[in-house]
Number of protein chains: 2
Amino acid sequence: MSGKREADASSPQGSTSGVGRAPNQRADAQRNRARILAATVTALHKDPDASVADIAAEAGVGRMTLYGHFQNRPELIDAALAESIEQGEEVLRRVPLDGDAGEAFRRLVASSWTLVDQARNLLAAAQKELPASRIRDLHERAEARMRNLLIRGQREGTFRDDLPVTWMLTTTHVLMNGAAEEVRTGRVDAREAPVLIDAILTPAFDTTAPKGEPQ
Amino acid sequence: MSGKREADASSPQGSTSGVGRAPNQRADAQRNRARILAATVTALHKDPDASVADIAAEAGVGRMTLYGHFQNRPELIDAALAESIEQGEEVLRRVPLDGDAGEAFRRLVASSWTLVDQARNLLAAAQKELPASRIRDLHERAEARMRNLLIRGQREGTFRDDLPVTWMLTTTHVLMNGAAEEVRTGRVDAREAPVLIDAILTPAFDTTAPKGEPQ
DNA sequence: TGCATCTCGTACACCCGTGATCGAGATAGG
DNA sequence: CCTATCTCGATCACGGGTGTACGAGATGCA
């Protein structure tokens with residue numbers, strides 16, 4: 001449903017007219033497209049404002065080949081973000097959300113953090129090139145999943161209900177990004193990050209705050 | 001002491017040689033310098049990557065006049081950030097830090113948030129143009145103040161001591177920025193922001209978590 | 001094998017931001 | 001009122017990124 005996006009991102013260098021080429025892509029063309037998308041993520045991971053040339057180089061492909069697949073920079077970023085999020089969705093869908101809301105939330109945050117850590121610079125780039133609405137749309141499913149979980153937790157009394165859900169989402173989001181930044185600068189070990197995030201969020205959100213010794 | 005910075009930011013357009021002009025600035029030149037600094041903050045507040053031309057326009061001054069006061073973009077950003085932080089210091093110095101560490105911390109956060117809210121885009125710009133070390137230096141006093149308070153709170157048993165202080169600082173920092181962003185997009189009212197920040201930090205940091213009904 | 005498809009280098013036009021230079025004119029301040 | 005100081009427009013060089021045009025050659029695919 002609504003698969004209107006990226007309609008004709010195919011047909012590299014449509015020699016003469018080359019308007020609406022169907023997905024009759026040659027195998028190597030498809031491979032290159034995938035490599036470019038992957039390269040976009042890794043290139044941006046290294047340098048948040050990598051140029052199109054940088055990305056093409058990272059993909060081991062000529063700049064012109066890249067422009068054959070994506071008309072311009074925004075379109076490239078959009079496609080990369082969409083793919084990245086789609087892959088993330090596949091992971092997050094596997095996270096069991098039933099049972100205790102607090103436990104489920106911690107599981108979801110742990111999985112999400114890894115994804116955020118990988119794609120944060122891509123996201124930063126997207127925020128500069130794409131309209132905010134587009135980014136919101138792309139994140140809709142992931143955000144809804146977490147929001148619903150928080151709401152359920154509030155109803156069941158697991159989470160405090162004196163906080164707006166949007167603020168809880170923002171807090172979670174911002175903490176994950178902060179942790180990613182700390183990892184990047186080497187001040188925090190990557191494996192420790194989820195623990196640190198939990199150490200803040202659990203007492204901040206839970207109604208029963210088991211912080212160690214309750215004294 | 002150590003007023004080595006901005007040494008010769010004076011002498012606009014040193015006509016011929018114009019090397020080391022002492023602070024014999026004319027009154028209007030000083031005024032313009034101040035206006036430019038202020039304009040840098042407000043221009044960057046509107047658009048995080050405003051150009052030098054934008055800033056000059058915002059100050060109601062010619063671009064060349066600006067270059068008369070600051071040799072290049074980094075120097076301008078540096079000066080603006082330094083001044084902004086200096087003004088912030090004046091505010092923060094007035095915050096009483098004695099008494100209960102938790103209360104003192106909340107006071108400090110409330111004051112800090114206002115400052116962060118005003119200067120966050122300036123900071124973002126600075127992070128792109130200035131070496132990270134320089135930014136660290138500029139923030140040293142403010143960060144040390146908060147760090148010491150956190151450490152004292154840990155020693156006195158007010159704050160948990162199972163969290164690295166750096167992570168507590170990061171959490172605080174990141175939450176303030178997040179709140180500022182929410183205010184900017186209109187999802188949160190500015191007066192409510194400090195309350196929301198506290199609502200997270202207090203239960204997250206305090207050993208005794210008074211979250212309303214403790215069961 | 002043969003053709004459509006795809007790759008990709010070179011070269012170019014264009015926009016934007018920075019920073020320097022020149023020089024005329026305004027203005028503060030003694 | 002006179003001069004050193006300051007403002008600031010016009011203009012240019014430069015660098016870097018984006019996107020387009022051309023076209024030769026490699027390659028998958030049937």
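Every chain is numbered from 1, with letters handed out A, B, ... down the list of sequences.
- The side chain of A/Pro74 has D/dG19 as its nearest neighbour among D/dG19, C/dA20, C/dG9.
- Side-chain atoms of B/Asp161 never come within 3.5 Å of backbone atoms of B/Gln154 as a donor-acceptor pair (strictly under, hydrogens ignored).
- Residue B/Asn72 places no side-chain N or O under 4.0 Å from the OP1 or OP2 atom of C/dT18.
- The distance between atom CD of B/Glu75 and atom P of C/dA20, rounded to the nearest whole Å, is 11 Å.
- Atom CG of B/Leu66 and atom P of C/dA20 are 12 Å apart (whole Å).
- Side chains of B/Asp117 and B/Thr114: no donor on one and acceptor on the other come within 3.5 Å.
- The line from CG of A/Leu108 to CE of A/Met146 is 4.0 Å long, rounded to the nearest 0.5 Å.
- When distances are taken from the side chain of A/Met64 to each of C/dT18, D/dC8, C/dG9, the shortest belongs to C/dG9.
- Here C/dT18 presents its P atom at 10 Å from CG of B/Leu76, a figure rounded to the nearest Å.
- Between A/Glu129 atom CD and D/dT18 atom P there is a gap of 8 Å when expressed in whole angstrom units.
- Here the side chain of B/Tyr67 is nearest to one of D/dT7, C/dG19, D/dG19, namely C/dG19.
- A/Thr65 places no side-chain N or O within donor-acceptor distance of the main-chain N or O of A/Val61, the cut-off being under 3.5 Å.
- Remark: A/Val61, A/Gly62, A/Arg63 in residues 54-63 of chain A come within less than 4.0 Å of DNA chain C through at least one heavy atom.
- Rounded to an integer number of Å, the gap from NZ of B/Lys128 to P of C/dG17 is 13 Å.
- Taking only side-chain nitrogens and oxygens, B/His69 never comes nearer than 4.0 Å to OP1 or OP2 of D/dC6.
- Side chains of B/Arg187 and A/Thr166: a donor-acceptor N/O pair is absent below 3.5 angstrom, by distance only.
- A straight line from CZ of B/Arg33 to C1' of D/dC6 spans 15 Å, rounded to a whole angstrom.
- Atom C1' of nucleotide D/dT20 and atom CZ of A/Arg73 are separated by 18 Å, given to the nearest angstrom.
- Heavy-atom neighbours of B/His173 NE2 from other residues, nucleotides or ligands within 6.0 Å: at or below the threshold of 12.
- Atom pair A/Ile36:CD1 and C/dC6:C1' shows a separation of 12 Å (rounding to whole Å applied).
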Pair B/Thr172-B/Phe205, side chain to side chain contact (heavy atoms under 4.5 Å, CB included): steps then yes or no: CA-CA 10 Å; B/Thr172 307; B/Phe205 288 177; 3.6 Å; yes

